[in-house]
Amino acid sequence: MLPEFFIILILLTSSPKVDSLSSEDDTRITVKGKRFKSSRLVISKTKLDEEIKTNLASTLIDIPEIDILWSPKSGASIQASGFDERSFKIFVMGIPFSESYSGHLDISGTERGLFSRIEFSTGISSLLNGPSSAGGVLNLTPKSKCNKHSITGIFKTGNFNSLHPDFYTGLNGCSNYKNSHFNIAVSYNNTSGYTLPDKFKTDGIYAQYHEDGGVRNKSAARRFNLSFHSSHTLNSFNTIDFFSGYSSSPRQIPTFESSNYVRYWSFSEYSSLFAAAVWKKKFINTKLVNLNVSSFLHLHTDELIDHGDPSYSGITTDSLAWFAKSSYENFTAGISLMPEFRPWDDGSVIFKIQHKFDQHLQRELSVQSYIDGGSYDPWEKFHAQTSTAVFSYNHDLKFCVVNMESSISFMALTAREIKNVSYETMERKIPGTELRLKISRMWSSNILTELSVGKKIRYPTLKELFTNHLGGNPDLDAETAYMSDLSAVWKKTCGVSGFQIRTRLFHHLINNMITSYGDSFSNTGHSQISGGILSAAFKRKFIIGTPVVFQATGSFRELYTRDLDTNRPLDYRPSHSFKSSLTIKLPSFFTVSADLKWYSKQYAWWYDTVTSTWIKDILPNGLITSFLISAPVYKNAAVTISIFAQLTNALDTIYMSGSLEPRAGRTLFTGIKGKL
C-alpha cells in the first residue's frame with residue numbers, strides 16, 4: 001500500500017518547484033513608483049499548470065525550507081526551517097485559512113488547481129500577516145482570469161499490490177462572464193490499507209506512539225475537497241472576491257501517554273467549511289492609494305471514538321483513558337481593515353487592524369459514564385478573541401529599501417470548568433508586541449540581499465490551552481521568538497540558459513516554546529533554531545529537431561535545534577536534508593524527471609509518567625526517490641490529453657515521518673490528465 005505521504009512526495013518534477021529563472025517569480029514592493037524585488041519564493045501559474053500537481057502539499061514539498069510530515073489521521077503538516085505547523089500560517093487572498101482549534105489544516109485534501117500563484121516566505125515575515133507566524137507564511141492566490149471557459153482534470157491510481165488500489169481524482173472548471181470570473185475545484189482521494197512490517201510491531205520499540213500503525217489492514221483514509229472562488233470587477237477602482245471551501249478528512253488524533261496502554265482509534269472524518277470576502281478599492285490623486293476590507297468565517301466539527309483493542313469490538317474501559325468518546329465543534333470569524341498611504345514620494349505607510357473571534361465547544365463521554373450507560377456530558381465552551389494593530393513603513397533610501405514594522409495585539413480568553421475542575425482565572429488576557437526591521441539591497445539587476453531582525457509571538461491554541469489533559473493547560477504563556485535572517489539571491493540569464501543561486505542563514509531564539517509530552521502541553525523555557533540553506537537551479541533550452549528543455553536543481557539545509565533547558569534537540573527535526581531534481585522536457589513528445597530527497601536521523605524524547613523515565617525515539621535516515629514520465633496522447637487547439645506513470649521509492653527504502661509510522665516501499669502509479 002502506498003500511503004498518502006508518498007503521494008505527496010512523488011508528484012515532483014523540478015526545482016524547488018518554482019520557476020526560479022523566470023521574472024514572474026519575483027515578488028515586489030512599490031515605493032516612489034518603482035518596484036523592488038523580494039527574496040520570497042513564488043510558484044507561478046506556468047509551473048502549476050505544466051506539472052502534475054494534485055494537492056497543495058505536492059506543490060510545496062521541494063521548497064528547501066519546507067518539510068512535509070504526514071499522518072493518515074492528521075493529514076499533511078508543515079515544518080518550515082524547523083518550526084512546526086502551529087507557527088506556519090496559510091492564507092487565501094491574504095485571509096488566514098486554518099482551524100482555530102488546533103492550528104491544523106489538512107493540506108493533503110486541498111486541491112491546487114484553483115490557485116494561480118503561491119507565495120512563500122519563511123522566517124520573520126511581515127507583521128501584516130498577524131501574530132503566530134514565526135515559522136513562515138504561505139499565501140494562495142486564486143485564479144482571476146482564464147480562457148472564456150476551461151476545464152482541467154486529473155486521475156491517478158496505483159498501489160496495485162492492494163486489493164483496493166489507491167486513487168485520486170481532481171477537476172477544476174474556470175469561466176469568465178462579462179466582468180466576473182468563476183472558478184470551482186473538486187477532488188477525492190482514497191488511500192487503502194497496507195500491512196505493517198514486522199520491524200514495526202505495535203508493541204515494539206518503534207511504536208511507543210504508533211497511532212495504530214496508520215492506514216493498514218484493509219482500513220482506508222478518504223479525503224474530499226470542494227472549493228469555489230469568484231472575482232467581480234465593479235469598475236476601475238473596485239473589485240470584490242469571494243472564496244469558500246469545504247473539506248472532509250480524517251481528524252487529527254492525539255497520541256496518548258503510557259507505556260502499558262495504547263489507544264486504538266476509529267477513523268472519524270471531520271468536516272470543515274471556510275468562507276471569505278475581500279473588497280479592494282483604489283484611489284487616485286490622494287495620499288490614500290489602496291483600501292482592503294476582508295472578513296471570513298470557519299466552521300469545523302468531528303467526533304472521535306476510542307477502542308480498547310485493535311479489533312474495534314467496543315469502546316475501551318481502560319481507566320488510563322479518561323474519555324471514551326469526544327465530539328468537537330469550532331467556530332472562527334474575523335474582520336480586517338487595511339489602508340495604504342503614500343504621503344511621500346519615497347515612502348509608503350500601511351495600517352492594519354484585525355479582530356478574530358474563536359469559539360470551541362466540546363463534549364466528552366468519560367469511561368465511567370460509558371460503563372454506567374450514561375450519555376455525553378454537557379458542552380464545555382471556550383472563547384478566545386485576538387485583536388491586532390499593525391504599522392508598516394517602506395522607505396527608499398536610494399541605495400536600499402528599508403521596511404520597519406511594529407504591532408501590538410492581545411488574546412483574551414474565557415474558560416469554563418471541565419469535568420468539575422474550575423480554573424483559577426476565568427478570564428485572562430495575553431498581550432504581545434512585535435517588531436521587525438528589514439533592509440533590502442539590489443546590487444545589480446542580478447544580485448539581491450536582505451537582512452531581517454525582529455521579535456515575533458505565537459499565541460497558544462485553544463487545543464493547547466484547554467484539551468488533551470484533564471483540567472487543561474490554561475496557564476500557558478505565548479511563545480516569543482527573537483529572529484535574524486540574512487539571505488541573498490544571484491540570478492543570471494544568458495540567451496537560452498539561466499542559472500540561479502539562493503542562500504539563507506538564520507538564527508532564532510524562542511522563549512516559552514510550547515511542547516507536548518503525552519497528553520499535556522507546557523512551556524519549555526528557552527530553545528534555539530539555527531541553520532543555513534543553499535540551493536541552485538540551472539535551465540537550458542536546446543533545439544534538436546524539436547525544443548528540448550533541460551532543468552537541474554539541488555538544495556542542502558543544515559539545521560541546528562536545541563531545547564536549551566534540557567540540552568536536547570527539538571523533536572523530529574532533521575539536522576541535514578538534501579533535495580535534487582533532474583527534468584528533461586520534449587514538449588511535443590514527453591517529459592522525464594527524477595527526484596531524490598534525503599533526510600538525516602530524527603530524534604524525540606517522551607516523558608513516561610508511569611515509569612518516570614524519558615523514552616528516546618529515533619527515526620532512521622529517510623531516502624525517497626521518484627521517477628516520472630508523461631506523454632501527450634492527443635492535442636489540438638482546444639483539447640490536451642496526457643498520460644503519465646510514476647515510480648516512487650525505487651530503492652525500496654523504508655522511511656518514517658514525524659508521525660512515527662513506516663512507509664511502504666516501491667510503488668507504481670499511473671494516470672491521465674487533460675485540459676479542455
Side-chain angles (χ1 to χ4, degrees), residues 9-25 41-55 58-64 112-113 115-118 150 152-156 170 172 491-502 535-555 579-597 624-648 650 668-676:
L9 291 177
I10 60 180
L11 305 176
L12 315 168
T13 57
S14 71
S15 131
K17 296 313 179 214
V18 179
D19 189 5
S20 52
L21 307 179
S22 168
S23 61
E24 67 180 330
D25 291 338
L41 295 177
V42 176
I43 306 175
S44 65
K45 181 179 183 300
T46 302
K47 294 302 295 180
L48 292 173
D49 287 345
E50 72 183 15
E51 297 178 15
I52 301 172
K53 301 295 186 183
T54 60
N55 54 46
S58 68
T59 307
L60 303 176
I61 184 62
D62 266 8
I63 295 177
R112 81 94 229 127
F115 307 106
S116 63
R117 183 180 177 90
I118 298 177
S150 66
T152 58
I154 185 172
F155 175 81
K156 57 177 291 187
N172 176 230
K491 181 187 296 185
K492 184 68 174 179
T493 301
C494 301
V496 295
S497 299
F499 189 76
Q500 177 179 278
I501 295 178
R502 291 177 179 266
S535 63
F538 174 76
K539 181 178 181 180
R540 181 175 176 83
K541 180 179 289 187
F542 302 89
I543 303 296
I544 310 176
T546 185
V548 177
V549 178
F550 173 86
Q551 294 182 131
T553 70
S555 66
K579 302 177 182 180
S580 66
S581 67
L582 177 66
T583 303
I584 300 175
K585 302 179 181 179
L586 286 76
S588 301
F589 299 98
F590 56 84
T591 296
V592 178
S593 68
D595 295 273
L596 182 147
K597 293 158 221 47
I624 304 295
T625 54
S626 62
F627 299 90
L628 179 145
I629 182 168
S630 175
V633 294
Y634 182 81
K635 185 175 183 179
N636 60 27
V639 180
T640 301
I641 300 176
S642 301
I643 59 174
F644 61 88
Q646 300 166 323
L647 174 64
T648 187
L668 175 68
F669 268 71
T670 60
I672 184 170
K673 65 174 182 175
K675 182 176 182 180
L676 173 62

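- Note that the CD1 atom of I629 and the CG atom of L647 stand 12.0 Å from one another [nearest 0.5 Å].
- Considering all non-hydrogen atoms of both residues, P632 and S642 come closest at CA-OG, 3.5 Å.
- Annotation for P64 and K579: closest pair O-NZ, 4.3 Å, computed over non-hydrogen atoms.
- To the nearest 0.5 angstrom, R502 atom CZ is 11.5 Å from S555 atom OG.
- Taking every heavy atom of both residues into account, F669 and K156 meet most closely at CD2-CE, 3.3 Å.
- In this structure, CG on N172 lies 12.0 Å from CD1 on I154, to the nearest 0.5 angstrom.
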Exercise for the section: Walk me through it: do I643 and T670 pass the test side chain to side chain contact (heavy atoms under 4.5 Å, CB included)? Expected result: CA-CA 8 Å; I643 59 174; T670 60; over 6 Å; no
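- One distance of note links OG of S497 with CZ of F538; it measures 4.5 Å at 0.5 Å rounding.
- The two atoms that bring F550 and L582 nearest to each other are CE1-CD1, 3.2 Å, heavy atoms only.
- Not counting sequence neighbours, the partners of K541 by the side chain to side chain contact (heavy atoms under 4.5 Å, CB included) test are V496, V549.
- Annotation: the span from Q646 atom CD to F627 atom CZ amounts to 12.5 Å, rounded to 0.5 Å.
- Residues satisfying the side chain to side chain contact (heavy atoms under 4.5 Å, CB included) criterion with F589, sequence neighbours excluded, are T546, L586.
- For the residue pair S581 / T553, a side-chain donor-acceptor distance below 3.5 Å is found, with atom types taken as modelled.
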